[in-house]
Amino acid sequence: MALETYQAKRNFGATPEPRGAKGRSPGNSFVIQKHDATRLHYDFRLEMDGVLKSWAVTRGPSLNPEDKRLAVHVEDHPLSYGDFEGIIPKGQYGGGTVIVWDRGTWTPLGDAKKAYRKGHIEFELDGEKLKGRWHLVRMHGQPGEKHENWLLIKGDDTEARHDGKDILKQRPESAKTGRRIEEVAKNPTDTWNSKPKGDGKAVAAKTKKAGRQIHDWPKGARKAAMPDFVEPTLAKLKAKPPAGDGWIHEIKFDGYRLQIRIENGEVKMLTRTGLDWTEKFGKDIADAFKALPIQSAIMDGELVVEQDSGASDFSALQQDLSQRRYDRFVFYTFDLIYLDGHDLRDVPLIERKRLLEKMLPAGNDKLRYSEHFDENGSLVLDHVCRLSLEGVVSKQRDSTYTSGRRGEWIKAKCSQRQELVIGGYVPSTSMKNAIGSLAMGFYDNGKLKHVGRVGTGYTATVAQDLYERLSKIEQEENSFDDRLTPEERRELVYVKPELVAEVEFRAWSSDDKLRHAAFRGLREDKLAKDVVREMEKTTAKNLPKSTVTLTHPDRIYWPDEGVTKEGLVNYYAQVWRFMEPYVVNRPLALLRLPDGVEGHQRFFQKHAWKGMNENIEQITDPKDRGGEKLLRITDFDGVVALVQSAVLEIHPWGTTTDSWEKPDMITMDLDPGGEVPWESVIAAALEIKERLEAEGLAGFVKTSGGKGLHVVTPLKPKAGWAEVKAFAKRLADSMAAENPDRYIAKATKAERTGKIFIDYLRNGRGNTAVAAYSTRARPGATVSMPLEWSELTADIGPAYFTVDNTPPRLDALPKDPWDGFFAAAKPLEKRKR
DNA sequence: GACGTGA
DNA sequence: TCACGTCAACGCCGA
DNA sequence: TCGGCG
């Protein structure tokens, strides 16, 4: 065991975990000793009351689990001295903003990739005894900045924490800093740009219509050329609309969000991501826009198909689209971004809408102006819901038009109501002779299906009244056709299914239970036998069911898309039959975000943890028998358990646990650097495919759900990790060598602009790549989507498929896009290794 | 998300 | 009781 | 040998 010593360049002192402290000795340097030849390398900086008191460059141990002991020897230092030999706190924590006390203000330094160490420190400074804690973090830094490691120290009372939350609490006056922190803390997002590049060649104006004269442009309007695609404002999903005068409320449409661009007499309709879908929607809408007395404009709105009730209907819309039936389309315009030479994005919303209303002819049956309401938000929602509309979108009256989701727009959805049969009750625990909750059901083919309990919505009088009536019709036997779980049966008293109640609820859950149900009264006029489910079951398909309990099924994981924990389970239920072979019986690495994609927590996990759901299996790495247990799932319950654990990305090894040492697939990750056109990424994927086929191997392609594409090769498990990785490296290297202007096989960021990084490093032992059909923990609820090669066109970007649009896609597919994946597996032959 | 720990 | 911390880690490449 | 990258 080699023992190496490194000397600090200057003074430094640290005494982690007091229990680890051992002895002290004078001297004049900070020495850190390393056992074994594991890599050691950490930089420390020591910040005290705004002054850089001292600093040191040291080296620490790698996080090799075997290498947990660190010996530190600190000598003759004004701050601290002593030896310690202690257990290094294992692991690190990920993410967050690092803040330092710098010249009198808290300054965010940037994102901490991880904090490696922390500990306590006691020291004397100018005769004063001080206590503190230290953190060592590794910095992301800003682009172009030097990357540094910082040790943050403050006294006990004002310890600098890695996420800055406490600091903000203590220093409310630093609101400015707070915003900066927010910004810095924001994850650098996807740089993939699916916007069409402004199409360059201007189409000659056919007929120049007389533009409507606007003499007094509202304040904020800027003379400007028409911008390219403007990323739409997105609404954040909230439980109810915001209160206050600053908000206006519009009806929420259930259709396709489109950006209308009128330019040189041409009308274009772009989707949320900027794809040109003008052709998809027939001529009617485009013609209606063409007829407007406008020279150029960008408008924001939604294409819908209205039911008779006036509610928009997404499924009808999709039906019409697939049947090329265009006559029922109606376009609701709700925002005006650009008009006749003026950029209106900085104009307050209310003014934009005023202008928009003037532009749109009243009484047009194709184009409508989306009216808004000034009343109290909850009132509007109530009203809207009573009309069986979907919900409301609330917008800040004076907000400018900003791309993305910033909370200026908030959407709230309506609840549903329906009559249900009371099949039992649970006595109240707080009141005598009153019910606490009701067990409800509906009839399906003459059988009473249990849909869960309704435990709210009663006044005390009603609860007593119900008890009075229900206790008279008690019965021994189960009133429901279903076998209830012990939890569902707990305290339950069955009654003859005679009474009908109206119940309000937010949604049906995947297993046909009520969500957020509230009692709204008895329906004396209804016969129990007539109570059936009002809303068509959306799926008659044979979806896998899970017994895993979801806590907080309403937890929102993707606020923009409104994808909840339960929604994610539904997604996996739909894709499971396709996804299963790529995730079961493989060691897994997980990316977990308990607070969703916008939350502050985000961490990888590859080892088992305490309290882990029993449907996630703990397995032993045969190469590391004494080590921590790795993870595996074997069935649908396993994925649901992952979702319950807030796993938003699933990264399996490229092997099954049946043959740990022999991978059954190769994943080549094509990661385009900046300014690489999407067509080039497609070309790269095709080139890899050809090269693989030249070697007698098959290639399958999937979107990454992020920026690029993955080309995956099935293998007969024969060659070992080293050989497979060497093959992958050779493939990447040869492509980079032959086309150095297009490809690069190494991760050097600076050289990657304009090139595609062919990442072969996912093919080593213990390395992972995101699973087919796994969601990605990024905005948009995107998924990694297997494609047939013929589907790989410019229309489909790397982040095109999402939790929302994937199930309909899979339904429409004649077969698995990766049909025959494992059948196409060939062993990696010796000569190719 | 679930656990352990220290205040 | 509450607030906080913890949850991966290694080879490769260029300077 | 170090920092930076996935």
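Proteins get letters first, then strands, A, B, ... in listed order; numbering begins at 1 in each. This is a predicted model, so every value here is computed, not measured.
- Atom-to-atom, CG of A:Asp759 to P of D:dG6 comes out at 9 Å; the value is rounded to the nearest Å.
- Taking atom P in both C:dA8 and D:dC5, the straight-line distance is 23 Å, to the nearest Å.
- Between the NZ atom in A:Lys689 and the OG1 atom in A:Thr713 there is a gap of 11.5 Å [rounded to 0.5 Å].
- Between the A:Ser774 side chain and the A:Glu649 main chain, no donor and acceptor come within less than 3.5 Å of each other.
- Using a 4.0 Å cut-off between charged side-chain N and carboxylate O, A:Asp664 and A:Arg586 make a salt bridge.
- For A:Tyr760 and A:Phe604, each mapped to the nucleotide of DNA chain C holding its nearest heavy atom, the one lying further toward the 5' end belongs to A:Phe604.
- Taking every side-chain heavy atom of A:His607 into account, C:dA9 is the closest of C:dA9, B:dG1, C:dC13.
- Residue A:Ala589 is out of contact with every strand shown, counting any heavy-atom pair closer than 4.0 Å.
- When atom types are taken as modelled, the side chain of A:Thr634 and the backbone of A:Asn585 share no donor-acceptor pair closer than 3.5 angstrom.
- Between the CD1 atom of A:Ile758 and the P atom of C:dC12 there is a distance of 18 Å, rounded to whole Å.
- Comparing A:Lys725 and A:Gln605, the nucleotide of DNA chain C nearest to each residue sits closer to the 5' end for A:Gln605.
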- Message: For a salt bridge (charged side-chain N to carboxylate O under 4.0 Å, His left out) check, start with the C-alpha distance between A:Lys623 and A:Glu661, then their side-chain angles and the critical distance, and finish with the verdict.
- Response: CA-CA 9 Å; A:Lys623 277 264 172 88; A:Glu661 306 309 327; 3.6 Å; yes
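- With contacts defined as side-chain heavy-atom distances shorter than 4.5 Å, the pair A:Ile633/A:Leu588 qualifies.
- Rounded to whole Å, atom C1' of C:dC4 lies 14 Å from atom CG of A:Asp595.
- Formation of a donor-acceptor pair under 3.5 Å by the A:Ser704 side chain with backbone atoms of A:Ser784 is not found in this model.
- The interatomic distance linking A:His710 (NE2) with D:dG6 (C1') rounds to 11 Å, in whole Å.
- In this structure, the nucleotide among C:dA8, C:dG14, B:dG1 sitting nearest to the side chain of A:Lys565 is B:dG1.
- Looking at A:Arg776 and A:Thr782, their side chains never bring a donor and an acceptor atom within 3.5 Å of each other.
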Pairwise N/O distances under 3.5 Å, protein to nucleotides 2-4 of chain B:
unit_1	atom_1	unit_2	atom_2	d
B:dA2	OP1	A:Gln644	NE2	3.1

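- Straight-line distance from the CD1 atom of A:Ile744 to the P atom of D:dC5: 13 Å, rounded to whole Å.
- When each of D:dG6, C:dA9, B:dG1 is scored by its nearest atom to the side-chain atoms of A:Lys606, the top-ranked nucleotide is C:dA9.
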- Give the C-alpha distance, both sets of side-chain angles, the deciding distance and a yes or no for salt bridge (charged side-chain N to carboxylate O under 4.0 Å, His left out) between A:Asp621 and A:Lys629. CA-CA 7 Å; A:Asp621 181 346; A:Lys629 296 277 192 262; over 6 Å; no
- Begin with the C-alpha distance, continue with both residues' side-chain angles, and end with the deciding distance and a verdict on salt bridge (charged side-chain N to carboxylate O under 4.0 Å, His left out) for A:Glu566 and A:Lys513. CA-CA 12 Å; A:Glu566 183 168 45; A:Lys513 302 289 186 232; over 6 Å; no
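- One atom, CG of A:Asp733, and another, C1' of C:dG11, lie 14 Å apart when rounded to the nearest Å.
- Contact check of residues 761-773 of chain A against DNA chain B (heavy atom, cut-off under 4.0 Å) returns no residues at all.
- Of the inter-residue distances, the one linking A:Glu561 atom CD with A:Thr775 atom OG1 reads 11.5 Å to the nearest 0.5 angstrom.
- Contact check, A:Lys746 against D:dC5: no side-chain N or O comes under 4.0 Å of OP1 or OP2.
- Distance CG (A:Leu593) to P (C:dA8): 15 Å, rounded to an integer number of Å.
- Atom NZ in A:Lys707 sits roughly 11 Å away from atom C1' in D:dG6 (whole-Å rounding).
- Taking the six-membered ring for Trp and thresholds of 30 and 60 degrees, A:Tyr582 and A:Tyr773 have ring planes inclined between 30 and 60 degrees apart.
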- Task: Under 3.5 Å for both distances, Watson-Crick or G-U wobble, that's the pair rule; now give the dot-bracket for DNA chain D, with | marking pairs to another strand and [ ] for crossing ones.
- Result: ||||||
